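Taking it in order: structure first as structure tokens, then the write-up.
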Protein chains: 2
Amino acid sequence: MTKTTPEQRRGGHLPTAEELRIWRDFIETTEALRSELTSRLQTESSLSPGDYAVLLALSEAQDRTMRSSELATHIGWERSRLSHHLGRMERRGLIRRQECPTVPRGAEVLLTPAGADAFRRSTVPHLRAIRELFVDALTPDQLRAAGAITAALRANLGPQHEE
Amino acid sequence: MTKTTPEQRRGGHLPTAEELRIWRDFIETTEALRSELTSRLQTESSLSPGDYAVLLALSEAQDRTMRSSELATHIGWERSRLSHHLGRMERRGLIRRQECPTVPRGAEVLLTPAGADAFRRSTVPHLRAIRELFVDALTPDQLRAAGAITAALRANLGPQHEE
DNA sequence: CCGGAGCGGTTGACGTGTCAATAATGCTAC
DNA sequence: GTAGCATTATTGACACGTCAACCGCTCCGG
């Protein structure tokens, strides 16, 4: 199928109906996948994907503590987004914030025992869900193809989305 | 690579490090893709993806009018979500709502000229962006593979996500 | 010394999404 | 008829994200 070109695909023009169908299915399915995973995480652990990302980073950090902006870069969030999210997580007792002694105006985020517990309880079911809904849904070939497609899309997306 | 199985993959267990890496790249890249497309649509047309979906459905509807719950099923939204969104779109003059004469308690949503205009102006750039960021980033083989992967994921996701 | 640039973090406003509760209306069963 | 009951839409409360403005602090140049 190296000569599909229903309307001469060279020329920077519009997607064909078939290409558009693939696109729509693709974007809708990834959305459904994310939403199913989110919902399982929520009902099993009362955690959102955002909570999970923060707790994962803190769990792996030295002293279960990280500077706020360090954390932000690590998980790829804007500082403002993180600040809002930490506020909500602090209200629920998952993390605490305290002034950083060494850095002027710096804030340290630290995992509470409750936060560590919640994270520990959530990991295995979450990983199992990833396996069930993604890994096991695909053949080994498809899984490798997914990796290649991902890489191609990301390369095409520009350097700002690299990491 | 038909015998990877670093920890005997049969048995419904956890994803391997490699599988997890593919998963993370996959989900992050689709997210980056969606966000880039959203941002282009926004700057070019001052429309959100939600606006686009609603306007598209109404443009194709008889009399540019649709019953609210019909519209909701058509684009796959909960009625509540649609109601909120229509409120915002109505404030911006993109659509209007009026009581439906035939159906009890029913509401008709209709496209305003301003809404039709905004949609018309947005379509070509949006489709071009889809082509540039998705279709043209992949080889024909990869595009077909993406379709197959999508289908496999969706099938595995259960009937409630079929459409 | 002081005035402004820059960094780190927070805040507010607002769009967006979900969930549960609430109308408003017709239908059905007694 | 009238007491439920389903259907249709809306509403309110809240979580989440982005953007722009702000605040406190250091540091550097005059």
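Just so it is clear, the structure is predicted and the values come from calculations on it, not from any experiment.
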Evaluate whether atom [atom1] of [X] has more than 12 neighbouring non-hydrogen atoms of other residues, nucleotides or ligands under 6.0 angstrom away.
X     : atom1 : answer
B:E99 : CD    : no
A:R92 : CZ    : yes
B:R21 : CZ    : yes

Nearest-angstrom distance from the residue atom [atom1] of [X] to [atom2] of [N]:
X     : N      : atom1 : atom2 : result
B:R81 : D:dA9  : CZ    : P     : 17 Å
A:Q42 : D:dC14 : CD    : P     : 16 Å
A:L41 : D:dA15 : CG    : C1'   : 14 Å

For this session: Following the transitive rule for hydrophobic clusters with a side-chain heavy-atom cut-off under 4.5 Å over Ile, Leu, Val, Met, Phe, Trp and Tyr, establish whether A:L56 and A:I130 coincide in one cluster.
Result: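 No, separate clusters.
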
For this session: Establish whether B:W77 and B:M89 are linked, either directly or via other cluster members, by ILVMFWY side-chain heavy-atom contacts under 4.5 Å.
Result: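 Yes, same cluster.
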
Exercise. Which residues, if any, of residues 82-96 of chain A bring a heavy atom under 4.0 Å of DNA chain D?
Worked result: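 Within this stretch, A:H84, A:H85, A:R88, A:R91 sit under 4.0 Å of the strand.
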
Exercise. What residues in residues 57-80 of chain A put a non-hydrogen atom under 4.0 Å from any atom of DNA chain D?
Worked result: A:E78, A:S80

Exercise. Does A:H85 have any side-chain hydrogen bond (donor to acceptor under 3.5 Å, both in side chains) partners at least two apart in sequence or in another chain, and if so, which?
Worked result: A:D51, A:R88

Exercise. Parallel under 30°, tilted from 30 to 60°, perpendicular over 60°: which one fits the rings of A:F26 and B:F26?
Worked result: perpendicular

For this session: Answer yes or no: is there an ion pair linking A:E44 with A:R128, defined by an N-O contact shorter than 4.0 Å?
Result: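 No, this pair does not count.
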
Problem set entry | B:R97 side-chain N/O to D:dT10 phosphate OP1/OP2 under 4.0 Å | yes

